[in-house]
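Below: the structure, in structure tokens.
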Amino acid sequence: MAEWVTGKVTKVEFWTDALFSLTVHAPIHPFTAGQFAKLGLEIDGERVQRAYSYVNAPDNPNLEFYLVTVPDGKLSPRLAALKPGDEIQIVSEAAGFFVLDEIPDCDTLWMLATGTAIGPYLSILQYGRDLERFKNIVLVHAARYAADLSYLPLMQALETRYEGKLKIQTVVSRETAEGSLTGRVPALIESGELEAAVGLTMNTENSHVMLCGNPQMVRDTQQLLKDSRQMTKHLRRRPGHMTAEHYW
Ligand SMILES: Cc1cc2nc3c(=O)[nH]c(=O)nc-3n(C[C@H](O)[C@H](O)[C@H](O)COP(=O)(O)OP(=O)(O)OC[C@H]3O[C@@H](n4cnc5c(N)ncnc54)[C@H](O)[C@@H]3O)c2cc1C
């Protein structure tokens, strides 16, 4: 049984009408970068709980979560209404296997995210451990509009910090925006545009691909990489080239 502890909201930052970040202080157990917590609120006498990835590095006590308000969602609109000082329930033990320990060595590690699923990668990159074994890292954040790329300043700061090892690329699907590719991630891989934009190739010889977020993006990209690049899902018992986490 998960152990729940009470945390306190210390900051609520709205990036757009729907996208926001919550910072929480809570006595949790140590987690691994890439893992998620469960947040819960008492609604009509019952605890409603959902999974949310940590954005902060594990050694940072400001527990940060990046959320979107799902219209008519049961929990996310309530989380969006929280104010600094409010209490929130959180599981003390994080969960999930979307962590570097599960990723085999390779030259180029691709980190592909849609929407709020940029979180696990930001935790991994802010922590910065166990990345020596990759020559290149590519962080791709895909959203509908450029205004939804909430963590672009942090992505840019990380790119500077990693001195050439990390390349960042943003993608928008519903408009054209300077610095971003336009379209959907699978189509941009299929056309070669993503690789051309970052100057690196994605193949079984040199790459491992992490995929996180919208299940449609994850499934379509996996299918494309399987069909056109012979990439397979990575399992502990059968090493492959793709590791994924679905948000719903
Ligand atoms: C491992 C894991 C990690 C997750 N991490 C995050 C996170 O860091 N940030 C985050 O915002 N959500 C995250 N989610 C999704 C989150 O757990 C909830 O599903 C989401 O907040 C909706 O809850 P709700 O009660 O408001 O909606 P519900 O009433 O439960 O409605 C669920 C529906 O909302 C939609 N939905 C769920 N998540 C999203 C999303 N992120 N973007 C767009 N539509 C969505 C889907 O259509 C889904 O069927 C994660 C999910 C998993 C499984």
Side-chain angles (χ1 to χ4, degrees), residues 2 4 7 9 11-24 26 28 31-58 60 62-82 88-91 93-103 111-127 139 141-145 147-151 154-155 171-174 184-185 210-222 243-248:
W4 287 84
V9 175
K11 191 173 163 194
V12 186
E13 181 159 16
F14 270 85
W15 308 99
T16 65
D17 285 352
L19 290 165
F20 63 102
S21 295
L22 281 181
T23 306
V24 175
I28 56 154
F31 69 92
T32 303
Q35 286 192 307
F36 60 88
K38 278 188 182 158
L39 298 179
L41 289 177
E42 198 91 353
I43 301 175
D44 300 331
E46 248 179 54
R47 180 168 52 219
V48 178
Q49 59 188 63
R50 298 284 185 265
Y52 297 98
S53 301
Y54 284 105
V55 176
N56 58 293
N60 180 348
N62 294 313
L63 309 179
E64 187 175 341
F65 304 95
Y66 178 41
L67 283 84
V68 63
T69 308
V70 172
D72 302 322
K74 198 152 182 204
L75 186 64
S76 56
R78 306 291 279 256
L79 293 173
L82 289 171
I88 185 168
Q89 300 295 307
I90 178 169
V91 279
E93 204 72 60
F97 297 99
F98 200 67
V99 297
L100 285 181
D101 275 357
E102 301 291 329
I103 306 298
M111 298 174 156
L112 310 183
T114 58
T116 53
I118 190 77
Y121 303 128
L122 295 175
S123 181
I124 289 169
L125 290 167
Q126 290 188 96
Y127 198 41
L139 177 62
H141 191 194
R144 289 180 183 171
Y145 300 101
D148 300 335
L149 301 167
S150 318
Y151 281 90
L154 176 57
M155 290 169 65
V171 174
V172 292
S173 59
R174 304 252 174 117
R184 291 187 64 241
V185 169
M210 297 177 81
L211 304 123
C212 193
N214 182 321
Q216 194 68 48
M217 181 285 279
V218 172
R219 274 194 298 270
D220 291 352
T221 307
Q222 283 176 324
T243 301
E245 182 153 270
H246 292 215
Y247 267 16
W248 65 93

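Just follow the structure's listing: the first ligand is 1, and inside any ligand the first atom is 1. Note that the structure is predicted; figures quoted are calculated from it, not measured.
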Mind checking what makes ring pair (Phe, Tyr, Trp, His ring centres under 6.0 Å) contact with Phe20, not counting sequence neighbours?
Phe14
Residue shell for ligand 1, any heavy atom closer than 4.0 Å, reads Phe36, Arg50, Ala51, Tyr52, Ser53, Tyr66, Leu67, Val68, Val70, Gly73, Lys74, Leu75, Ser76, Pro77, Thr116, Glu245, His246, Tyr247, Trp248
Is it the case that the side chains of Tyr247 and Thr114 hold a donor-acceptor pair, with the cut-off being a distance below 3.5 Å and no angle test?
no
Nearest atoms (heavy-atom pairs only) where Pro215 meets His246:
CB-ND1, 3.6 Å
Closest heavy-atom pair and its distance - Ala143, Asp148:
CB-CB, 3.7 Å
Residues Thr116 and Tyr52: side-chain donor-acceptor under 3.5 angstrom:
no
Does the gap between the ring centers of Tyr54 and Phe36 come in under 6.0 Å?
no
